[in-house]
2 protein chains.
Amino acid sequence: MPPIKPTLTDVARLAGVSEITVSRVVRGKGPIAEETRLRVRGAIEALGYVPNRAAGTLASSASLFIGVILPSMHNIVFPEVLRGIYEGLAGSPYQPLLGVSEYDRDKEQEILASLLAWQPMAIITAGSDHTDVTRRLLSESGVRVVELMDTEGDPVDLVVGFSHRQAGYDSGRHLIARGYRRIGYVGHDWAADRRARLRYEGLVAALADTGLSLAAEVHADGPSSVTGGTEMLPRLLAAAPDIDAAVFVNDDMAVGGYFHCLAAGIAVKKDLALFGFNGLDIGQAIPMPLSTVRSNRFEIGRIAAERIIAEPKRPAVTEVVNTGYEIIEGATA
Amino acid sequence: MPPIKPTLTDVARLAGVSEITVSRVVRGKGPIAEETRLRVRGAIEALGYVPNRAAGTLASSASLFIGVILPSMHNIVFPEVLRGIYEGLAGSPYQPLLGVSEYDRDKEQEILASLLAWQPMAIITAGSDHTDVTRRLLSESGVRVVELMDTEGDPVDLVVGFSHRQAGYDSGRHLIARGYRRIGYVGHDWAADRRARLRYEGLVAALADTGLSLAAEVHADGPSSVTGGTEMLPRLLAAAPDIDAAVFVNDDMAVGGYFHCLAAGIAVKKDLALFGFNGLDIGQAIPMPLSTVRSNRFEIGRIAAERIIAEPKRPAVTEVVNTGYEIIEGATA
DNA sequence: CTGTTAGCGCCTTCAC
DNA sequence: GTGAAGGCGCTAACAG
């Protein structure tokens, strides 16, 4: 039986001041006599007053929301980005409002439209591969827009990430430098995951620059997973038994490949090198730490959030923050 | 150059109807002549109108938010719960509003207070171990409250989960039934993770019922992780070299323990049985599928969301939905 | 099926 | 340092 929710007016009456004074105390803005402040705080406590942000948002036409659109919650990658965002927002009054697009551009557009209805002060979205309408909505929203993860493409406002194509290229260089020549690829359904495709293209380009090409490639249906790697590596080996290295779309799949090697008695690195992407904990925890690329996901989220706080208004010029990546030497390649 | 955002009034004017008619079209409520609807839709399109939910929330004193408080984003467990919630909410107009408490009851309370400022129509929180203030806020909010994961404790409204104590007990019974008698435990810092502690207590109780007790136990500092398991298992073995089974606080740690066995040449199950908790994919993907407990996390989230949609008003009586759990036989115990 | 009236709770602007 | 007036954009409740 919650006794009718107290409002600013109730607090003001109890404290014997006007509403605006209470509002100032609540928001910590404007000059307030210490004595008044204490009286108001007392009234707030006494009534258990909770401000109504919907009213505040309407009155000031500025919410404290940051719309966040991530493509997937199926592995730990994007939860880590999200953690970074929360970390970057800690201590600020801003609150993320999350949507998950399942790597679907149309769904991203839908989610964006519904997030915009909350008057967010910024939008963070993973990737730069949007529908035309999404791009227009982002651009016309007038609020800060941060596109995460990949630096290819034409920024709306701010981009935080690195070049996946280059990362793929460098992965290829790494393998070539270590003497691997017959290289296979294990991917997943990247109709939607453009970044995976960019890495793939980078890898192929690196091989081409050395006069090589992929010995074989296989693609799992559906999203990437550890079991996907376990299932697909034998298929790759069936298609090209003589490969000396396998590049996986990401660490999940690569760890699965490692497990297949364990079970099948394949000497990892000696008989078959394995290479992943992301630098997940699990990849570094297996008995032979995975050779892979560290993608600094947490940092990407954190920096995006910090940048928004530091400059809440959209600036006139676009900017790209390169968070870089790092080849993890590992023990598997 | 976003030309001043169009409002309901603008749409109404263009369509030649009243505001409330536009409102009805937007919300799909109330009877509207097909012709009128089309005219209004046309005007909405033409202007690129996006409804202002802050205004709507204020006017109807009912937002479409569901506040969600999860303890951690450090492993895949709670993102899976979150996926379940999104799944259960799909097609509904409701939008989760997420806060992460880092297993801190005071932080949970803070987050709750800030979520309540958005007038959520429901609150979903993981666990039932709250501060007194949190409990009071939940109770007095008057909205639906779903406490997830564990069924112990006194419900505010609805509980969706299972008994972790019983799951721990059954884990113990499982090991005893298979002849293991010298059982060790690898935990983490569960000052905060009450559910881990409940499982531990259940395990100890199962042993006690057979006249046994834990041969040894070790606890990692900080959160659980795969590497934590890799590091802690040798310590457990140092403390009690003759144990025949190790129970881990969860699958992350147990997988780490498995990797230690691989590296140290310990024959899993034959020399040392391993038992986890959660039923994560990674545990089932390793060469010897982990013996563990499936906790139906996705389902828990989905059911919580569906229940809220089915009954948006808090009923007079509390209810507990038991989502059960299941011992996964696996190959490690 | 559509419209009128009257706020929802707070914040901006301008006085004092 | 504090207050008064007005309105943000939308919707409930009633008419018609």
Side-chain angles (χ1 to χ4, degrees), chain A residues 2-41 43-44 47-65 93 114 116-121 142, chain B residues 2-41 43-44 47-65 93 114 116-121 142:
Chain A
I4 305 125
K5 276 188 192 163
T7 70
L8 259 197
T9 316
D10 300 321
V11 177
R13 190 156 21 205
L14 180 59
V17 296
S18 71
E19 297 184 23
I20 185 63
T21 301
V22 179
S23 173
R24 288 188 180 119
V25 171
V26 168
R27 285 175 299 148
K29 283 204 176 172
I32 296 285
E34 189 53 26
E35 188 208 351
T36 311
R37 181 201 310 289
L38 291 176
R39 201 141 37 86
V40 171
R41 284 236 183 281
I44 289 174
L47 294 175
Y49 167 69
V50 176
N52 181 331
R53 282 301 317 155
T57 298
L58 181 59
S60 65
S61 56
S63 86
L64 300 174
F65 281 133
S114 76
L116 286 175
W118 293 103
Q119 322 288 105
M121 56 87 66
Chain B
I4 306 125
K5 276 187 192 163
T7 70
L8 258 198
T9 316
D10 301 321
V11 177
R13 190 157 21 207
L14 180 59
V17 296
S18 72
E19 298 183 25
I20 188 66
T21 301
V22 178
S23 174
R24 289 190 178 117
V25 171
V26 168
R27 286 175 298 147
K29 285 206 176 169
I32 296 284
E34 189 54 26
E35 187 208 351
T36 312
R37 181 203 309 288
L38 291 176
R39 200 142 36 86
V40 171
R41 285 235 183 281
I44 289 174
L47 293 174
Y49 167 69
V50 176
N52 182 331
R53 281 302 317 156
T57 298
L58 182 59
S60 64
S61 55
S63 84
L64 300 174
F65 281 133
S114 76
L116 286 176
W118 292 103
Q119 323 287 104
M121 57 87 68

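To find a chain, count down the sequence lines: A is the first, B the second, and so on, and within it residues start at 1.
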Checklist entry - Between A:Q119 and A:S63, which heavy-atom pair has the shortest distance, and what is it? => result O-OG, 2.7 Å

Next on the checklist: C:dG3, OP1 or OP2 - any side-chain N/O from B:T21 closer than 4.0 Å?
Outcome noted: yes

Checklist entry - CZ of A:R53 versus P of C:dC8: gap in Å, rounded? => result 19 Å

Item to check | Options D:dA13, D:dC8, C:dC1, nucleotide nearest the side-chain atoms of A:L58 | outcome: D:dC8

Checklist entry - With sugar-phosphate meaning primed atoms plus P, OP1 and OP2, does A:S61 contact a base, only sugar-phosphate, or nothing at under 4.0 Å between heavy atoms? => result nothing

Checklist outcome for this item: Closest of C:dG3, D:dG3, C:dC11 to the B:R24 side chain is C:dG3

Checklist entry - Is the distance from OP1 or OP2 of D:dT2 to the nearest side-chain N or O of A:T36 less than 4.0 Å? => result yes

Next on the checklist: Measuring to OP1 and OP2 of C:dC1, would you say a side-chain N or O of B:R39 lies under 4.0 angstrom away?
Outcome noted: no

Next on the checklist: If you assign each of A:V26 and B:E34 to its closest nucleotide in DNA chain C, which residue comes earlier from the 5' end?
Outcome noted: B:E34

Checklist entry - B:K29 NZ to D:dA12 C1': how many Å, rounded? => result 11 Å

Checklist outcome for this item: Residues pairing under side-chain hydrogen bond (donor to acceptor under 3.5 Å, both in side chains) where one sits in residues 52-62 of chain B, two or more places apart or in two chains, turn out to be none

Checklist outcome for this item: In this structure, CG of B:L47 is separated from CG of B:L8 (nearest 0.5 Å) by 11.0 Å

Next on the checklist: For DNA chain C, which residues of residues 9-18 of chain B approach it to below 4.0 angstrom with any heavy atom?
Outcome noted: B:V17, B:S18

Next on the checklist: Checking B:K5 against B:V50 for the side-chain contact (heavy atoms from CB on, under 4.5 Å) test, could you report, in this order, the C-alpha distance in whole Å, the side-chain angles of both residues, the deciding distance, and whether it holds?
Outcome noted: CA-CA 8 Å; B:K5 276 187 192 163; B:V50 176; over 6 Å; no

Item to check | Protein-nucleotide distance (A:L64, atom CG; C:dC10, atom P), rounded to Å | outcome: 14 Å

Next on the checklist: Does the plane of the ring in B:W118 sit parallel, tilted or perpendicular to the ring in A:W118? Use 30° and 60° as the thresholds.
Outcome noted: perpendicular

Checklist entry - Using a cut-off of 4.0 Å on non-hydrogen atoms, how would the nucleic acid contact of B:I20 be classed: base, sugar-phosphate, or nothing? => result base

Checklist entry - Counting side-chain heavy atoms from CB outward, which of D:dT2, C:dC11, D:dC14 is closest to A:P31? => result D:dT2

Checklist entry - Where do B:L58 and A:A55 come nearest, in terms of heavy atoms and distance? => result CD1-CB, 3.7 Å

Item to check | Smallest separation among heavy atoms of B:Y49 and B:V26, with atom names | outcome: CE2-CG2, 4.1 Å

Checklist outcome for this item: From the candidates D:dG1, D:dT11, C:dC10, the one with an atom nearest any side-chain atom of B:E19 is D:dT11

Next on the checklist: Please classify the nucleic acid contact of B:L8 as base, sugar-phosphate, or nothing, using heavy-atom distances under 4.0 Å.
Outcome noted: base

Item to check | Between C:dC8 (P) and B:Q119 (CD): distance, integer Å | outcome: 13 Å

Checklist outcome for this item: Here the side-chain hydrogen bond (donor to acceptor under 3.5 Å, both in side chains) pairs for residues 13-23 of chain A, sequence neighbours left out, are A:T9-A:E19, A:D10-A:R13, A:S18-A:T21, A:S23-A:R27

Checklist outcome for this item: Closest to the side chain of A:N52, out of C:dG9, D:dG1, D:dT11, is C:dG9

Next on the checklist: Using whole Å, what does the distance between atom P of nucleotide D:dG1 and atom CZ of A:R37 come to?
Outcome noted: 10 Å

Checklist entry - Atom CZ of A:R27 to atom C1' of C:dG9: distance rounded to whole Å? => result 12 Å

Checklist entry - Hey, is the side chain of A:S23 poking within less than 4.0 Å of OP1 or OP2 on C:dC11, counting only N and O atoms? => result yes

